[in-house]
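Shown next, in structure tokens, is the structure this report addresses.
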Amino acid sequence: RKEVEQDPGPFNVPEGATVAFNCTYSNSASQSFFWYRQDCRKEPKLLMSVYSSGNEDGRFTAQLNRASQYISLLIRDSKLSDSATYLCVVSGRSNFGNEKLTFGTGTRLTIIP
Amino acid sequence: DTGVSQDPRHKITKRGQNVTFRCDPISEHNRLYWYRQTLGQGPEFLTYFQNEAQLEKSRLLSDRFSAERPKGSFSTLEIQRTEQGDSAMYLCASSWTQDRGTHEQYFGPGTRLTVT
């Protein structure tokens with residue numbers, strides 16, 4: 001089982017719609033969680049951290065369910081500029097006790113005019 | 001621009017040649033990471049430094065790969081005797097961490113390596 005698994009995608013969504021991404025992680029000891037956005041042939045950029053209580057940033061809402069080891073990202077009123085690949089990222093401890101980030105494979109989103 | 005920078009942005013090399021990439025992190029960041037990303041995959045962890053100390057290396061980092069961060073500032077990643085399977089985007093990231101917690105990592109634009 002992969003450490004971080006995401007919806008396979010791609011998602012093709014009309015402008016203005018709401019879209020949800022899901023992600024599961026296997027390491028129950030994971031401590032920090034993030035969503036990154038990556039545009040085509042660009043570097044990943046932090047979109048938002050995910051907190052246990054859930055958090056919202058404008059049109060974006062992230063939620064964490066530790067019991068189910070599940071993270072979600074909701075985008076409301078989607079815009080053309082939201083087209084990108086969304087990476088689910090989980091932090092944990094390596095076998096040597098060092099922190100490390102593990103990235104999912106990403107879900108590609110295309111907003112259709 | 002005070003973000004993470006990488007050089008070169010693109011590198012084409014012939015199989016068997018050695019290549020070296022450079023990363024300059026955000027100046028106040030004490031941690032520096034190297035990742036590799038291939039098409040359709042997320043970034044895969046290769047190694048990371050806290051200041052000048054290399055704390056961990058992934059098993060993905062074979063003996064042909066070596067990384068340094070001699071003064072705790074910029075870092076280099078060298079690949080010796082390149083193979084076609086080394087073709088990928090090599091990403092550098094940095095973060096500031098005072099405790100054992102995980103803090104956001106900021107990525108550079110990457111070096112795209114093509115081995116012919």
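Naming: A, B, ... by sequence-line order, numbering from 1 per chain.
- Leu101(A) and Leu64(A) fall into different hydrophobic clusters, where Ile, Leu, Val, Met, Phe, Trp and Tyr are joined by side-chain heavy atoms under 4.5 Å apart, directly or via other members.
- Side-chain contact between Arg41(A) and Arg112(B) is present, with at least one heavy-atom pair separated by less than 4.5 Å.
- Neither the backbone nor the side chain of Glu44(B) has a heavy atom closer than 4.5 Å to any heavy atom of chain A.
- Residue-environment remark: CD (Gln54(B)) exceeds the threshold of 12 foreign heavy atoms within 6.0 Å.
- There is no contact between Gln6(A) and chain B, counting heavy-atom distances below 4.5 Å.
- Taking both residues in full, the closest heavy atoms of Pro44(A) and Leu91(B) are given as CD-CD1, 3.9 Å, listed atom of the first, atom of the second, then distance.
- Shown here is Lys79(A), whose NZ atom has more than 12 heavy atoms of other residues, nucleotides or ligands within 6.0 Å.
- In the hydrophobic clustering of this structure, Val89(A) does not group with Leu109(A); members are Ile, Leu, Val, Met, Phe, Trp, Tyr whose side-chain heavy atoms approach within less than 4.5 Å, directly or through other members.
- Judged by distance alone, the side chain of Tyr36(A) and the main-chain N or O of Gln105(B) form a donor-acceptor pair under 3.5 Å.
- Gln38(A) and Gln37(B) are linked by a side-chain donor-acceptor pair at a separation below 3.5 angstrom, with hydrogens and angles left out of the test.
- Smallest separation of non-hydrogen atoms from Ser49(A) and Glu104(B): OG-OE2, 3.1 Å.
- The number of heavy-atom neighbours closer than 6.0 Å to CD of Glu78(B), taken from other residues, nucleotides and ligands shown, is above 12.
- Outside the 6.0 Å centre-distance limit, the rings of Phe45(B) and Phe103(A) are not counted as a close aromatic pair.
- Residue Arg66(A) places its CZ atom among more than 12 non-hydrogen atoms of other residues, nucleotides or ligands, all under 6.0 Å distant.
- Few gaps surround CG on Leu80(A); more than 12 heavy atoms of other groups in view lie less than 6.0 Å from it.
- Contact record, Leu87(A) with Pro43(B): CD1-CD, 4.2 Å, taken as the closest heavy-atom pair.
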